[in-house]
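Taking it in order: structure first as structure tokens, then the write-up.
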Amino acid sequence: MKKKVTAIILTVAIIISAFSVSAYANTDVTDPTQQKLYSFADKLVNSLIGGIASLIVTPNWQLKKDYVTENFYPGLTPEEFEDEAAEGARWSVGYANASILTGKEVGGGDYYVGGSLTVTKKLATEQYDDQKVRTVAISDGRGISIFASIDCFGMANTDVRNIREIFAKYAEEQGLNITSINIAALHQHSCVDTFGLNGNLVEALFTSSFKNLFRIKTKSGQNPEYMENLYNVTVDSMKRAVDDMKEGKLYYGTVDISDYIRDKRLPTVFDGNMNRFRFVPDDEEAAETWICNCGLHCVGNGAANTELTGDYPYYMEKHVNEEHGANFFYIQGAELAISDQKELIEADPEDVEKYGGRYADLIKYGEVLAEKLDEIDNEVEVEPIFNIAFTETWVKVENNILVLAAKGGLLLNNVARTGLGKYEIVTEVGYAEIGKDIAIAIIPGELAPEIAFGGAETAETSWYGEDWEHESFQELSGDKKLIVFGITNDQIGYLVTANNWHTIFTENEEAVSAGRYAGESITVAYTELFKKYN
């Protein structure tokens with residue numbers, strides 16, 4: 001109990017000076033009386049922060065009714081979804097990757113490090129690995145879908161749409177038939193801040209009202225030079241991926257990596273599979289492309305450190321490149337509170353001596369996961385059917401920490417006003433089918449795995465004494481294998497079930513979520529989209 005009281009005192013103190021996530025996160029609280037106490041304290045502090053936020057002049061946010069959709073790709077219509085491969089259809093896949101670093105990240109200016117909120121000026125101090133964008137272009141002959149996955153904590157939908165706008169001009173010039181453009185974040189916790197939340201919190205809190213009043217642009221944690229380079233490099237990689245497209249066959253297989261995964265938050269639910277789509281081009285001299293996916297946080301170097309790393313995907317890629325001569329693409333899954341389990345990992349002693357234990361473990365962890373890919377023995381050929389569609393949806397911002405961040409210029413999502421002190425964020429949700437047997441939920445935040453795969457808390461065990469009334473995405477998918485592409489086309493924070501919303505005093509997730517019903521909003525949007533196409 002002493003630890004919990006300390007957490008409350010520390011959290012309130014930090015919030016008053018600026019704001020941050022709780023000092024002691026992931027504290028198990030099972031006693032109903034304590035749960036009610038924490039929930040009351042949470043509401044009290046949320047009201048306090050809301051009062052602070054109300055003192056800051058609102059930026060020039062548009063009214064929701066005035067919103068006009070731009071640079072959004074809806075994908076295929078229901079009539080264009082196919083159950084059978086077209087006659088003569090073939091898979092066509094292209095690949096490219098590139099460094100997104102400018103060379104100035106360490107000691108070259110305000111290059112904040114993403115991964116955790118802090119009231120200090122958290123700048124990059126050392127670079128261990130490269131930071132990359134990896135891009136694939138995919139087609140079954142009916143149009144091209146592009147997926148770019150970036151070594152970053154997150155990308156706001158506004159940045160995603162800016163990148164789309166740049167590429168759309170090129171696509172029009174080249175006469176390309178683009179079905180969708182998707183920008184995913186690997187959710188790296190040791191990378192340059194591309195999301196904006198890791199900027200100077202004190203400056204945002206105390207100068208934003210003046211700047212908003214006079215329509216002066218507020219400063220986020222993004223470095224403008226870094227973001228300009230990121231845009232250019234990402235768009236270039238998309239062009240090269242399209243140019244690289246070759247016909248061939250696609251195979252799907254999985255390997256169980258449950259022993260290397262842990263769920264830090266009840267209920268314990270996760271997909272223990274590492275998924276791999278292996279594209280084999282007809283051209284025998286061309287490299288294979290491996291499209292890999294799993295829900296697993298990139299937090300091997302810790303969330304608070306200031307060294308830049310590529311985390312475990314960097315060392316997975318190294319293995320795949322060196323041992324198989326294959327291209328490597330990785331995209332996150334449903335990874336809310338899903339982290340690494342390293343009990344079976346034994347780091348190289350030389351790496352421990354050179355880097356210290358944490359980073360040495362990170363290296364070995366990536367190598368072990370890559371070696372697990374080598375064990376896949378259940379591959380099946382996937383028929384050339386690629387159906388994909390998207391919908392725009394709105395999520396209410398009920399968490400005043402994010403309202404404060406948005407007013408201070410640190411939250412770069414497209415926020416709209418719906419009334420006095422009421423705000424919503426526009427985002428996108430997608431649904432795709434690869435072949436006849438695989439469904440993909442394309443989600444804009446960090447999804448609780450139980451929303452995707454089932455096993456949500458019941459009324460007897462949830463904080464609010466309620467059931468989660470929605471079908472899981474896997475239940476919707478029926479016999480199809482469900483895969484989640486998470487943190488894609490937006491980072492709107494954590495998406496938990498409404499019945500199991502806790503407090504900022506016991507979990508990280510609640511502090512960086514739009515609110516208790518954010519997960520429900522995305523669930524409803526995905527369900528409606530799914531049913532529209534099925």
task = Can you spot which of T527, I451, T393 makes a side-chain contact (heavy atoms from CB on, under 4.5 Å) with I522?
result = T393

key: Nearest heavy atoms of Q474 and K481, plus distance in Å   = OE1-C, 4.3 Å

key: Pairwise side-chain contact, E433 with F386, heavy-atom cut-off 4.5 Å (strictly under)   = no

message = Does R278 qualify as a cation-pi partner of W290, given the criterion of NZ or CZ under 6.0 Å from the six-membered ring centre and within 45 degrees of its axis?
response = no

inquiry  = Looking only at side-chain N and O atoms, does Y95 offer a donor or acceptor that is under 3.5 Å from a partner on N97?
reply    = yes

request  = May I ask you to test the I492-N413 pair for a side-chain heavy-atom distance under 4.5 Å?
outcome  = yes

query = Would a 4.5 Å heavy-atom cut-off, applied to side chains only, mark F328 and T289 as touching?
reply = no

query = Can you find a pair of side-chain heavy atoms, one from F485 and one from Q332, that are under 4.5 Å apart?
reply = no

request  = Apply the test salt bridge (Lys or Arg N to Asp or Glu O under 4.0 Å) to residues D282 and R90: give CA-CA distance (whole Å), side-chain angles for both, the deciding distance (0.1 Å), then the verdict.
outcome  = CA-CA 10 Å; D282 294 340; R90 299 293 311 281; 3.0 Å; yes

key: Closest heavy-atom pair and its distance - G310, D129   = N-OD2, 2.9 Å

message = Taking atom NZ as the centre, does K396 end up with more than 12 heavy-atom neighbours from other residues, nucleotides or ligands that are less than 6.0 angstrom away?
response = no

request  = Test T309 against N301 for side-chain hydrogen bond (donor to acceptor under 3.5 Å, both in side chains), laying out the working first.
outcome  = CA-CA 8 Å; T309 83; N301 199 49; 5.3 Å; no

message = Using the rule given for salt bridge (Lys or Arg N to Asp or Glu O under 4.0 Å), can you reason through R240 versus D244, listing the C-alpha separation, both sets of side-chain angles and the distance that settles it, and then say yes or no?
response = CA-CA 6 Å; R240 290 189 292 112; D244 182 62; over 6 Å; no

Least distance between heavy atoms, I178 atom then A171 atom = CG1-CB, 3.9 Å

request  = May I ask you to check whether F279 and F329 place their ring centres under 6.0 Å from each other?
outcome  = no

ask   = Quick one: does R276's side chain get under 4.5 Å of I291's, heavy atoms only?
value = no

query = Is the backbone N or O of W468 less than 3.5 Å from a side-chain atom of T497, with the two atoms forming a donor-acceptor pair by type?
reply = no

inquiry  = Around atom CD of E379, are there more than 12 heavy atoms from other residues, nucleotides or ligands closer than 6.0 Å?
reply    = yes

key: Short side-chain to backbone donor-acceptor contact, Q188 and S190, under 3.5 Å   = no

ask   = Any donor-acceptor pair under 3.5 Å linking the side chain of E509 with the backbone of V496?
value = no

query = Would you call the rings of Y431 and F530 parallel, tilted or perpendicular, where under 30° means parallel and over 60° means perpendicular?
reply = perpendicular

query = Side-chain donor-acceptor pair under 3.5 Å between Y67 and N414, yes or no?
reply = no

query = With under 30° as parallel and over 60° as perpendicular, where do the rings of Y252 and F277 fit, or are they tilted in between?
reply = tilted

E225 vs K104, salt bridge (Lys or Arg N to Asp or Glu O under 4.0 Å): CA-CA, chis, key distance, verdict = CA-CA 10 Å; E225 184 178 354; K104 300 178 182 178; 2.8 Å; yes

inquiry  = Between Y231 (side chain only) and Y226 (backbone N and O only), is there a donor and an acceptor less than 3.5 Å apart?
reply    = no

ask   = Any donor and acceptor pair, going by atom type alone, linking the side chain of S513 with main-chain N or O of Y494 inside 3.5 Å?
value = yes

request  = Answer yes if the side chains of N378 and T254 hold a donor-acceptor pair under 3.5 Å, and no otherwise.
outcome  = yes

task = Would you kindly say whether N387 and E80 are connected by a side-chain donor-acceptor distance under 3.5 Å?
result = no

query = Under the salt bridge (charged side-chain N to carboxylate O under 4.0 Å, His left out) test, which residues partner E392, sequence neighbours left out?
reply = R161

Ion pair D151/R134, N-O distance below 4.0 Å = yes

inquiry  = Less than 4.0 angstrom from a charged side-chain N to a carboxylate O is my criterion; do E424 and K64 meet it?
reply    = yes

task = Check A148 against T135 and note the closest heavy-atom contact, atom names and distance.
result = CB-OG1, 3.6 Å

message = Under a plain distance cut-off of 3.5 Å, with no hydrogens placed, do H189 and D311 share a side-chain donor-acceptor pair?
response = no

Non-hydrogen atoms of I376 and G253 that approach each other most closely = CG2-CA, 3.9 Å

query = In chain order, what residues pass the salt bridge (charged side-chain N to carboxylate O under 4.0 Å, His left out) check against E520, with sequence neighbours excluded?
reply = none

request  = Could you verify whether a donor N or O on one side chain and an acceptor N or O on the other, from N489 and N182, lie under 3.5 Å apart?
outcome  = yes

query = Taking atom CG of D437 as the centre, does the number of heavy atoms from other residues, nucleotides or ligands within less than 6.0 Å exceed 12?
reply = no

ask   = Counting N and O atoms only, with roles assigned by atom type, does the side chain of S180 sit under 3.5 Å from a partner on the main chain of S145, one being a donor and the other an acceptor?
value = no

request  = Check whether any side-chain N or O of S521 sits under 3.5 Å from a backbone N or O of G519 as a donor-acceptor pair, and report yes or no.
outcome  = no

inquiry  = Taking the basic N atoms (NZ, or NE/NH1/NH2) and the acidic carboxylate oxygens, is any pair closer than 4.0 Å for R142 and D140?
reply    = yes

query = Any side-chain heavy atom of L482 within less than 4.5 Å of one from F453?
reply = yes

key: D340 versus Y312, side-chain donor and acceptor atoms under 3.5 Å   = no

ask   = Among all residues two or more places apart in sequence or in another chain, which pass the salt bridge (charged side-chain N to carboxylate O under 4.0 Å, His left out) test with K318?
value = E322

query = Hey, is CG on D66 packed in by over 12 heavy atoms from elsewhere, all under 6.0 Å?
reply = yes

query = Regarding K239 and the six-membered ring of Y170, is the cationic atom NZ or CZ under 6.0 Å from the ring centre and inside 45° of its axis?
reply = yes

request  = Would you check if the side chain of H297 reaches a backbone N or O of I338 as a donor-acceptor pair within less than 3.5 Å?
outcome  = yes

key: Heavy-atom side-chain proximity of D490 to V160 below 4.5 angstrom   = no

task = Report yes or no: do N273 and N275 form a side-chain donor-acceptor pair below 3.5 Å?
result = no

inquiry  = I'd like to know if the side chain of D283 reaches the main chain of E285, judged simply by a donor and an acceptor atom lying under 3.5 Å from each other, with no hydrogens or angles considered.
reply    = yes

inquiry  = If we count only N and O atoms by modelled type, under 3.5 Å, do the side chains of E428 and N157 hold a donor and an acceptor together?
reply    = yes

key: Criterion side-chain contact (heavy atoms from CB on, under 4.5 Å) on T194 and L230, from CA distance to verdict   = CA-CA 9 Å; T194 56; L230 175 65; 3.9 Å; yes

key: Heavy-atom check, side chain of L186 versus side chain of C152, under 4.5 Å   = no

message = Could you check whether E288 and N327, counting side-chain N and O atoms only, form a donor-acceptor pair closer than 3.5 Å?
response = no

Intermediate values then yes/no, side-chain hydrogen bond (donor to acceptor under 3.5 Å, both in side chains), Y330 and N293 = CA-CA 6 Å; Y330 190 82; N293 158 266; over 6 Å; no

remark   = Between S472 and A452 the two heavy atoms that sit nearest each other are CB-O, 3.6 Å

message = For E367, is there any backbone N or O sitting under 3.5 Å from a side-chain donor or acceptor partner on H319?
response = no

